[in-house]
Amino acid sequence: MTSLSVFRDVPIAQKLEGSLLKTYRQDDYSSKMFLAYKVCMTEEGHPWVSVVVHKTRLQIAEDPSLNYEYLPLVGLKSFIQSSLELLFGKYSQAIAEKRVGGVHIVGESGAFQLGAQFLKMWRKNLKIVCIVSCQKEQYGLIFQDMGFTVYEYSIWNSNDLCSDPSMFVEVLQHIPVSSVLVIGNIIDCRFTQNQWTKLLSIIKSKQIFPFFDIPCQGLVTGDLVEDTRILQYFVSLGFEFFCSQSLSKNFGIYDEGVGTLVVAALSNQHLLCVLSQLMGYVQALWGNPPATGARIITSILCNPALFGEWRHSLKGVMENIMLIKEKVKEKLRLLGTPGSWDHITRQSGTHGYLGLNSQQVEFLVKKKHIYLPKTSRINFTCINAKNIDYITQSIHEAVMLTEAERVSSQNCP
C-alpha cells in the first residue's frame with residue numbers, strides 16, 4: 001500500500017548562500033582559489049585560531065573542578081561581565097551604573113533572533129527594520145520571519161570606492177518614524193561632527209531604536225577600543241539599544257558560535273525588566289547555552305597575561321592584513337593596471353572591496369578560477385605569498401580586457 005507523504009507539498013528551498021563555494025568545490029582546476037571565506041585565514045590557508053585559545057582549551061579540558069552542569073538560562077555570568085567590559089571598557093560608567101547587561105546567546109545570529117522576539121512583543125509600534133551596512137547582511141531574514149518589513153541599505157559608494165557617511169545620513173532622513181535601525185559594518189565611515197550631530201538628532205526625533213552589530217572586535221582597525229567607539233558614544237549619551245556581540249571570529253572559535261545580546265537601558269530597573277523578559281524567549285529558543293566557548297573566552301579576558309597575548313595575536317593578524325593590502329595595491333601599480341587602487345588600503349578589517357565591476361568579476365571566476373562575490377568584496381586573509389602574483393595578474397587582465405572593450409565601443413561609429 002502506497003501512502004502519501006505529509007511532506008509532498010514541500011519544495012526545495014532556494015539556496016540562500018554557499019552557491020559560490022559549491023561551484024568552487026565542483027571546479028577540478030588544480031590552481032583554483034576561493035577569496036570569500038567568512039573566517040580569518042592563515043598564510044597556510046587554514047582558519048586562524050589565536051594560539052592562546054589552544055592553550056586555554058587544553059587547561060579547561062583538564063580542569064577537575066568542572067562538573068559540566070547546565071548553565072543558567074542567562075548563561076555564564078562571568079562571561080557576560082567580561083564581554084561587557086570588552087565592549088565598553090572595564091571602568092565604563094554605564095557598567096558601574098548597572099544599566100548595561102547581556103544574555104549569553106547561541107550562534108552568530110542568536111542575538112538578532114532574541115532581540116527581534118523581544119521587539120515584536122514589547123515594541124509593537126516598531127514594524128519596520130532598516131539595515132545599514134557596507135555589505136549584504138544575513139540577519140534581514142530573521143526580522144522578515146518575525147513579520148517585520150525589512151529595508152536594506154548599502155553605504156558603499158561604488159563610484160567613489162569608499163564608505164560614504166553622507167549616504168548614511170540620507171538613509172536616516174528617509175526611514176520612517178519608529179523604526180529599528182540595524183547598524184552593521186560602517187567602521188570606515190568618517191563622520192564629521194556636523195554629521196554626528198545630525199544623525200543623533202534624527203534618531204531622537206524619529207524615535208529610532210538602534211540595534212548594533214559588533215561581529216569581530218579587534219579585527220577591524222586592530223584596536224579593541226576603536227572598534228567599539230560608536231557603541232561607547234551612544235551609551236555615553238544615554239541611548240537605549242541592543243547590540244549583537246559575536247566573539248567567534250576574534251578568538252578563532254568558529255564552531256562555538258558564542259556571543260551576547262547586549263542591552264543598554266536608562267536605568268538598572270529598566271534593564272532588569274528587559275532581561276527577565278528575554279529569559280522566557282531563551283527558554284523557548286535554546287534553553288541553556290553551551291559552556292566551552294564561553295569558558296575559553298572568559299579565562300582569556302579575565303587573565304591579564306592571557307589577555308595581553310590574545311590582543312597581541314589580533315594585532316599580528318591586522319598587521320599582516322595591512323601588509324597584504326599594500327602588496328596588492330603596489331603590484332597592481334607596477335603592472336600598470338588602470339585606475340587608482342588606494343581604496344584597498346583605505347578599508348579596515350579582514351574583508352574589503354576590490355572595486356571591480358560584475359564583468360570583471362565574471363572574468364576572474366570563469367577564466368581564472370578565482371572565486372569571489374559579484375560585489376568584489378573579498379577576504380584579504382585568503383591572499384598569501386603563494387597566490388598574490390596570480391591574483392593581481394588576473395585582476396590586471398580583467399581590468400585591461402574590460403577597458404579595451406570600453407574604448408572599442410566608444411570608437412564605434
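Every heavy atom of this structure was used, including side-chain atoms; hydrogens, water molecules and symmetry mates were not.
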Quiz item: Is R57 close to I253 at the side-chain level, that is, under 4.5 Å between some pair of heavy atoms?
Solution: yes
Quiz item: Hey, does the side chain of E137 reach the backbone of G184 with a donor-acceptor pair shorter than 3.5 angstrom?
Solution: no
Quiz item: What about the rings of F209 and F242, do their centers lie closer together than 6.0 Å?
Solution: yes
Exercise. Would you check if the side chain of K206 reaches a backbone N or O of I175 as a donor-acceptor pair within less than 3.5 Å?
Key: yes
Practice problem: With the side chain counted from C-beta on, respond yes when N303 and W310 share a heavy-atom pair under 4.5 Å apart, and no when they do not. | Solution: no
Quiz item: Any side-chain heavy atom of E85 sitting closer than 4.5 Å to one from S92?
Solution: no
Self-check item: pair T337-M400: side-chain heavy atoms closer than 4.5 Å
Solution: no
Quiz prompt | Whether D227 side chain and G218 backbone form a donor-acceptor pair below 3.5 Å | solution = yes
Quiz item: Is Y68 atom OH crowded by more than 12 heavy atoms from other residues, nucleotides or ligands, each under 6.0 Å away?
Solution: yes
Self-check item: Parallel, tilted or perpendicular, as decided by the 30° and 60° cut-offs, for the rings of Y139 and F112
Solution: parallel
Quiz item: Between F239, F191, W196, F212, which is the residue that forms a ring-ring contact (aromatic ring centres under 6.0 Å, His included) with Y233?
Solution: W196
Self-check item: Heavy-atom check, side chain of I202 versus side chain of Q173, under 4.5 Å
Solution: yes
Self-check item: M279 CE: over 12 foreign heavy atoms closer than 6.0 Å
Solution: yes
Quiz prompt | Shortest non-hydrogen separation from V53 to F251 and the atoms involved | solution = CG2-O, 3.2 Å
Practice problem: Over 60° means perpendicular and under 30° means parallel, so classify the ring planes of F241 and F88, tilted if in between. | Solution: tilted
Self-check item: Residue pair F79, R295: steps toward the side-chain contact (heavy atoms from CB on, under 4.5 Å) verdict
Solution: CA-CA 7 Å; F79 164 69; R295 284 191 176 123; over 6 Å; no
Quiz item: Around Q93, counting heavy atoms of other residues, nucleotides and ligands shown, do more than 12 lie under 6.0 Å from its CD?
Solution: no
Quiz prompt | Pairwise distance OG1(T221) to NZ(K315) - rounded to 0.5 angstrom | solution = 10.0 Å
Quiz prompt | Donor-acceptor contact present, side-chain H351 to main-chain Y37, <3.5 Å | solution = yes
Quiz item: Which pair of heavy atoms, one from L35 and one from C382, lies closest together, and at what distance?
Solution: CD2-CB, 3.8 Å
Practice problem: Look at the side chain of S163 and the backbone N and O of C189, then say whether any donor-acceptor pair between them is shorter than 3.5 Å. | Solution: no
Exercise. Give the minimum heavy-atom separation between I321 and G349, together with the two atoms involved.
Key: CG2-O, 3.6 Å
Quiz item: Distance from L285 atom CG to Q283 atom CD, nearest 0.5 Å?
Solution: 10.5 Å
Quiz item: Going by atom types alone, do E326 and T345 pair a side-chain donor with an acceptor below 3.5 Å?
Solution: no
Exercise. Mind running side-chain hydrogen bond (donor to acceptor under 3.5 Å, both in side chains) on T350 and N379 for me, showing each step along the way?
Key: CA-CA 6 Å; T350 56; N379 181 345; 4.8 Å; no
Quiz item: Less than 4.5 Å apart, any side-chain heavy atom of L224 and any of L314?
Solution: yes
Quiz item: Would you call K22 and Q26 a side-chain contact if the rule is heavy atoms closer than 4.5 Å?
Solution: yes
Quiz item: Which heavy atom of R346 sits nearest a heavy atom of D188, and at what distance?
Solution: O-OD1, 4.0 Å
Practice problem: Kindly indicate whether a cation-pi arrangement holds for K32 with Y371, taking the cut-offs as under 6.0 Å to the six-membered ring centre and within 45° of the axis. | Solution: no
Exercise. Determine yes or no for a side-chain-to-main-chain donor-acceptor pair under 3.5 angstrom, with S82 supplying the side chain and S78 the backbone.
Key: yes
Quiz item: Does a side chain donor of either Q113 or S109 reach within less than 3.5 Å of an acceptor in the other side chain?
Solution: no
Self-check item: Over 12 foreign heavy atoms within 6.0 Å of CG, D255
Solution: yes
Quiz item: Quick one: are S299 and Q59 in side-chain contact, heavy atoms under 4.5 Å?
Solution: no
Quiz prompt | Stepwise side-chain contact (heavy atoms from CB on, under 4.5 Å) check, R377 with W156 | solution = CA-CA 11 Å; R377 183 177 173 82; W156 171 256; over 6 Å; no
Self-check item: Side-chain H-bond candidate by donor/acceptor type, S65 with D63, under 3.5 Å
Solution: yes
Quiz item: Do K325 side-chain atoms and Q347 backbone N/O form a donor-acceptor pair below 3.5 Å?
Solution: yes
Quiz item: If you measure from OG on S376 to CG on L354, what distance do you get to the nearest 0.5 Å?
Solution: 5.0 Å
Self-check item: Q277 side chain to C273 backbone, donor-acceptor under 3.5 Å
Solution: no
Exercise. Could you walk me through whether L86 and L247 pass the side-chain contact (heavy atoms from CB on, under 4.5 Å) test, one step at a time?
Key: CA-CA 10 Å; L86 183 65; L247 293 163; 3.8 Å; yes
Exercise. Mark yes when over 12 heavy atoms from residues, nucleotides or ligands other than Y390 sit less than 6.0 Å from its OH; otherwise mark no.
Key: yes
Quiz prompt | S5 side chain vs F7 backbone, donor-acceptor pair below 3.5 Å | solution = yes
Practice problem: Enter the distance from E362:CD to L356:CG here, rounded to the nearest 0.5 Å. | Solution: 13.0 Å
Quiz item: Taking atom CD1 of I395 and atom CG of L332, what is their separation to the nearest 0.5 Å?
Solution: 5.5 Å
Quiz item: Do you know the tightest heavy-atom contact between N125 and S178?
Solution: ND2-OG, 3.6 Å
Exercise. Mind checking the CD1-OG1 spacing from I297 to T292? Nearest 0.5 Å is all I need.
Key: 11.0 Å
Exercise. Show your reasoning for whether salt bridge (charged side-chain N to carboxylate O under 4.0 Å, His left out) applies to E330 and K327.
Key: CA-CA 5 Å; E330 180 63 10; K327 285 182 177 179; over 6 Å; no
Quiz item: Nearest heavy-atom pair of A385 and E43: which atoms, and what distance?
Solution: N-OE1, 3.7 Å
Practice problem: Flag the pair E397 and K368 as a salt bridge only when some basic side-chain nitrogen lies within less than 4.0 angstrom of an acidic carboxylate oxygen. | Solution: yes
Practice problem: Using atom types as modelled and distance alone, determine if a side-chain donor or acceptor of N185 lies under 3.5 Å from a backbone N or O of C134. | Solution: no
Exercise. Using the side-chain contact (heavy atoms from CB on, under 4.5 Å) rule, take L20 and F34 through it: C-alpha gap first, then chi angles, then the decisive distance, then the call.
Key: CA-CA 9 Å; L20 185 69; F34 191 76; 3.8 Å; yes
